[in-house]
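Below is one structure; the comments refer to it alone.
In this chain, numbering begins with 1 at the start of the sequence shown. Whatever order the structure lists them in is the order used to number ligands and atoms, beginning at 1.
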Amino acid sequence: MFGTFNNIAVCGGGNAAHVVIPLLKSRDLQVTLYTPFAEEAARFEAGASAGGIVSTDSRGKELRGAPDVITTDPQVAGKADFFLLVMPAFAHGPTLKALAPHLTPGAVIGAIPARSGFDLQADYLLAGEGCPETGTIYCGQTLPWACRIVEYGRRVRVLGAKASVGLATAPADRAAEISILLGWMLEVNFVPLANPLAVSLGNIGQVIHPGIMYGLLKDYHGAVWQEDQIPPFYQGVTDEVAAIMSRMSEEIVKVAEELTFCFGIDLHEVETVEHWLLRSYGESIGDSSSLARAFCTNQSYDGLKVPVIKKGAGYGPDFKSRYLTEDIPFGLLFSKSVAEMVNIRTPWIDEVIRVAGGWTGKRYLGDDGSVSGPDIEEARIPQNYGIDSAEVLVRRGIN
Ligand code: NAI
């Protein structure tokens with residue numbers, strides 16, 4: 001099976017791409033790096049000429065590798081047979097559109113992390129852009145690594161790796177096979193999920209990032225912080241903020257339970273924030289007596305602060321941070337729109353979307369509170385891909 005795909009296109013030139021390239025090269029695969037940005041491509045070329053990217057993990061183990069082909073041309077990248085999108089969710093659409101006319105029938109294409117609704121967007125754009133015969137679309141639940149570029153095109157540091165990562169496919173029956181294949185390519189334990197909805201609704205970033213931003217900043221009135229005054233992000237979670245996240249995640253779990261009740265699909269991976277935190281970080285949590293304490297005493301969150309921008313002689317919150325601009329249109333709004341399909345009320349999610357929209361200048365909700373605001377075209381919700389009922393949505397995930 002592993003002989004089937006030999007030519008892998010890594011799409012995106014950020015932190016994750018730097019980790020993925022040496023891993024793929026260690027498996028002797030042909031690797032194409034595709035970025036639409038000429039400056040990034042030039043820096044990868046320079047790195048390749050100097051011996052490739054060195055990736056160092058937290059135990060000091062090193063891997064080295066350079067892409068065989070570096071290109072800004074989607075036609076060149078389109079020759080690959082397996083595509084791995086490692087980039088922010090807002091870049092998925094432009095990348096899929098650029099690649100679509102050049103993909104060969106049977107190509108496998110996916111994103112890690114997929115965030116919410118990736119499979120619907122990919123299916124819609126690939127068919128619409130003249131590539132109706134894509135083999136399989138896959139969606140990884142989270143990026144397997146915390147990683148940071150040390151020197152662009154040359155060095156990356158892997159700060160930590162997840163024990164396992166969920167993966168769903170469309171069609172759904174290829175999840176096991178693609179999990180094994182990608183697991184071999186990337187040295188990650190991918191766990192097959194039954195339905196892409198498990199990835200979309202189970203995208204926990206949609207709860208914790210906007211939830212903490214809302215909770216910590218809803219009473220912010222323009223203070224300028226000095227560097228040592230920037231509040232901790234995860235470790236700044238109070239009982240009140242924890243309660244907000246709990247309620248948001250309970251609303252999403254209710255949606256998943258309703259889908260299971262109505263259509264019999266397995267969405268047990270869609271879990272509350274409490275379950276997710278203890279399952280994901282059990283060993284690094286010092287005190288799990290409450291959700292707030294579990295966030296505050298999770299060593300993996302040490303040093304992470306509220307995202308900031310320069311403000312006056314100091315700093316203020318960055319309301320354009322991905323915690324809002326990615327996790328709301330590519331997360332919470334997906335869950336909110338599926339909730340509408342099954343008539344589940346989501347007052348806490350609505351409140352966060354509304355307040356955060358005031359910060360980012362986006363109106364996603366209409367006056368009646370439904371997903372019908374003027375900026376809704378930017379959101380990756382089923383309705384934007386012609387899917388208006390839960391039944392059609394669920395059936396798409398099964399077939
Ligand atoms: P990154 O911010 O380093 O990636 C940026 C890259 O995306 C750019 O270098 C560019 O090549 C590409 N890109 C940006 N705009 C584009 C566009 N319009 N069209 C095509 N390509 C475009 O992101 P990183 O760190 O590699 O992470 C990838 C994803 O994984 C993100 O969603 C991030 O939030 C998530 N993630 C990252 C973690 C990390 O430790 N780096 C940890 C957990 C999640």
Side-chain angles (χ1 to χ4, degrees), residues 9-23 32-45 47 53 55-58 67 70-74 77-78 83-100 109-118 121-122 125 139-163 165-167 186 188 199-200 203-206 208-210 213 233-234 276 280-281 300-304 307 318 320-331 378 380:
V10 176
C11 305
N15 298 297
H18 282 69
V19 175
V20 158
I21 289 163
L23 282 165
T32 298
L33 184 276
Y34 168 63
T35 166
F37 305 117
E39 193 206 325
E40 289 189 352
R43 295 172 78 191
F44 272 104
E45 291 284 5
I53 300 163
S55 167
T56 310
D57 74 14
S58 54
I70 297 164
T71 185
T72 57
D73 183 347
F83 294 80
L84 172 56
L85 274 60
V86 277
M87 55 179 58
F90 65 79
H92 291 158
T95 303
L96 290 165
K97 273 192 186 174
L99 291 172
I109 188 158
I112 304 176
R115 306 299 186 201
S116 304
F118 174 81
Q121 182 186 37
L125 289 181
C139 310
Q141 183 86 69
T142 59
L143 194 72
W145 317 279
C147 51
R148 292 289 176 272
I149 294 170
V150 179
E151 186 184 351
Y152 199 94
R154 300 290 309 276
R155 275 196 171 271
V156 65
R157 183 168 292 281
V158 177
L159 308 164
K162 301 220 165 57
V165 174
L167 184 135
L186 301 179
V188 171
V199 173
S200 294
N203 163 13
I204 200 71
Q206 67 181 322
I208 57 176
H209 297 147
M213 288 291 278
F233 189 71
Y234 301 101
W276 172 81
S280 308
Y281 289 107
S300 305
Y301 293 147
D302 281 355
L304 298 175
D318 180 6
K320 298 278 187 285
S321 142
R322 283 187 200 164
Y323 288 165
L324 301 175
T325 55
E326 181 165 24
D327 288 298
I328 293 182
F330 298 90
E378 300 166 10
R380 203 156 63 183

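For S116, the side chain to side chain donor-acceptor pair (under 3.5 Å) partners at least two apart in sequence or on another chain are N203.
The aromatic rings of Y234 and Y301 sit parallel, their planes meeting at an angle under 30°, below the 60° perpendicular limit. By the 30° and 60° cut-offs, the orientation of the rings of Y323 relative to H209 is parallel.
Judged by distance alone, the side chain of Q141 and the main-chain N or O of V165 form no donor-acceptor pair under 3.5 Å. Not one N or O on the side chain of T32 forms a donor-acceptor pair closer than 3.5 Å with the backbone of A77.
Around ligand 1, the residues contributing at least one heavy atom under 4.0 Å from the ligand are G12, G13, G14, N15, A16, T35, P36, F37, E40, M87, P88, F90, A91, T95, P113, R115, L143, W145, A146, C147, R148, R322, E326.
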Exercise. What's the verdict on side-chain contact (heavy atoms from CB on, under 4.5 Å) for L84 and L186, showing C-alpha distance, side-chain angles and the deciding distance?
Worked result: CA-CA 11 Å; L84 172 56; L186 301 179; 4.2 Å; yes
